[in-house]
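Notes follow the structure.
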There are 2 protein chains.
Amino acid sequence: MERKTRQRQAILDVIVDAQRPLLAQEVLLMASVTVPRLSLATVYRNIKGLYEEGLLKVVHLPGQNPRYEPANSTHHHHFQCRQCERVFDLESCLGNMEQLAPSGFLVEDHEVILYGRCGACAG
Amino acid sequence: MERKTRQRQAILDVIVDAQRPLLAQEVLLMASVTVPRLSLATVYRNIKGLYEEGLLKVVHLPGQNPRYEPANSTHHHHFQCRQCERVFDLESCLGNMEQLAPSGFLVEDHEVILYGRCGACAG
DNA sequence: TTAGTTGCAAAAGGTTTGCCGTTTT
DNA sequence: AAAACGGCAAACCTTTTGCAACTAA
């Protein structure tokens, strides 16, 4: 990850511009608009590199392929709609997770995922 | 999942007896002791069937292969130690996840995963 | 007897890697 | 020109599936 290439820039752009975490395939599709002959391998190699540089976060939803979002986003969690399967960012976060762990355990981080119906599908 | 076979019984046994969620590979290894020519395909087919019958739960830790545990356990979440990588069950659960979602969203379920150091590793 | 199950091998689906030509610096 | 990078295809790994043989009921 030393050089600035068209591919790398396009990949980072679509991830930063998206309002939701993207699958590798979605990154490929969206970045292909700018870089037509872009390959999936390049998407994966750049995602890996960008992640190691701390520019991306990986969002793992249980049983699904990893999605990627910009790392400069603030601490937040996700909501997945069971009907349309879209993933939404949640704005707030219940702190105080420490009390869930047995005493003697050190809680450094946590992940919360909600499931249900989004506004459109619950309507 | 209509018949009671040696394979199915062995697979269910090792998952129920284990004190932690098991990977498919671990189930194969442990159940092979009872059923020597057991195949991975059979493990997966039975896990799927047992899951659909509500006898198993799937435990997804971000970025890792799914693990399986008995479904008769009460609602709980998990803690993974970043040092020894072991997974622990948590006993309690903060309810009130509804408030995290935007209004209009219907929250049906949630998942919480804590990361840090377990008692032994935090010592 | 016969429909559900198993083992094996092959197929899938997503991610990684090797090779070699291309591009950035 | 040198080193990094990208495209393509093949390799990998985990999970699923097709199929003939087996087995529980």
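Below, chain A is the first sequence line, B the second, and so on; all start at residue 1.
- Remark: B/Glu98 pairs with no residue by the salt bridge (Lys or Arg N to Asp or Glu O under 4.0 Å) rule, at least two apart or across chains.
- Contact between the side-chain N/O atoms of B/Gln7 and the OP1/OP2 oxygens of D/dT23 is not found at any separation under 4.0 Å.
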Enumerate, atom names and distances included, each donor-acceptor pair closer than 3.5 Å involving a side-chain atom of residues 105-112 of chain A, sequence neighbours excluded.
unit_1: A/Glu108; atom_1: OE1; unit_2: B/Arg82; atom_2: NH1; d: 3.0
unit_1: A/Asp109; atom_1: OD2; unit_2: B/Arg82; atom_2: NH2; d: 3.4
unit_1: A/His110; atom_1: NE2; unit_2: A/His75; atom_2: NE2; d: 3.4
unit_1: A/His110; atom_1: NE2; unit_2: A/His77; atom_2: NE2; d: 3.1

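- Rounded to an integer number of Å, the gap from B/Glu53 CD to C/dG4 C1' is 13 Å.
- Here the P atom of nucleotide D/dT23 and the CZ atom of B/Arg8 are 18 Å apart, to the nearest Å.
- Taking atom CD on A/Glu26 and atom C1' on C/dG14, their separation rounds to 14 Å, with Å as the unit.
- Taking 4.0 angstrom as the limit, B/Thr42 places a side-chain polar atom (N or O) nearer than this to OP1 or OP2 of C/dG7.
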In the 5'-to-3' direction, what one-character label does each nucleotide of nucleotides 20-25 of chain C receive under the scheme B = base within less than 4.0 Å of a protein heavy atom, S = sugar-phosphate only, - = no such atom?
---BBS

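- For the pair A/Leu38 CG and D/dC5 P, the interatomic distance rounds to 15 Å; values are reported in whole Å.
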For a side chain to side chain contact (heavy atoms under 4.5 Å, CB included) check, start with the C-alpha distance between B/Arg67 and B/His78, then their side-chain angles and the critical distance, and finish with the verdict.
CA-CA 12 Å; B/Arg67 292 170 166 85; B/His78 296 94; over 6 Å; no

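- Nearer the 5' end of DNA chain D, as judged by each residue's closest nucleotide, is the contact made by A/Val35, out of A/Val35 and B/Gln25.
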Return the polar atom pairs (N/O with N/O) between nucleotides 16-22 of chain D and the protein under 3.5 Å, or none.
unit_1: D/dG18; atom_1: O6; unit_2: B/Arg45; atom_2: NH1; d: 3.2

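- At least one donor-acceptor pair under 3.5 Å links the side chain of B/Ser32 to the backbone N or O of B/Leu28.
- Computed from coordinates, the B/Gln9 CD to D/dA25 P distance equals 11 Å when rounded to whole Å.
- Distance CD1/A/Ile113 to CD/A/Gln64: 9.0 Å, rounded to 0.5 Å.
- Distance CD (B/Glu52) to P (C/dT5): 12 Å, rounded to an integer number of Å.
- As a whole-Å value, the separation of A/Leu28 CG from C/dG13 P is 17 Å.
- OP1 and OP2 of C/dG14 both lie 4.0 Å or more from every side-chain N or O belonging to A/Gln64.
- Counting only residues at least two apart or in different chains, side-chain hydrogen bond (donor to acceptor under 3.5 Å, both in side chains) contacts with residues 14-30 of chain A comprise A/Arg20-A/Glu26.
- Distance alone, capped at 3.5 Å, is enough to place a donor-acceptor pair between the B/His60 side chain and the A/Gly63 backbone.
- Closest approach to the B/Met1 side chain among D/dG7, C/dT5, C/dG7 is made by C/dT5 (side chain taken as heavy atoms from C-beta onward).
- Residue B/Tyr115 places its OH atom among more than 12 non-hydrogen atoms of other residues, nucleotides or ligands, all under 6.0 Å distant.
- Distances were taken from every side-chain heavy atom of A/Asn65 (C-beta onward) to each of D/dG7, C/dG7, C/dG14; the shortest belongs to C/dG14.
- Nucleic acid contact class of B/Pro66 (heavy atoms, under 4.0 Å, all strands): sugar-phosphate only.
- Whole-Å rounding puts the A/Ile47 CD1 to C/dG14 P distance at 14 Å.
- Every residue two or more places apart in sequence or in another chain was checked for a side chain to side chain donor-acceptor pair (under 3.5 Å) with A/Glu52, and none qualifies.
- Between the CD1 atom of B/Ile47 and the OH atom of B/Tyr68 there is a distance of 5.0 Å, given to the nearest 0.5 Å.
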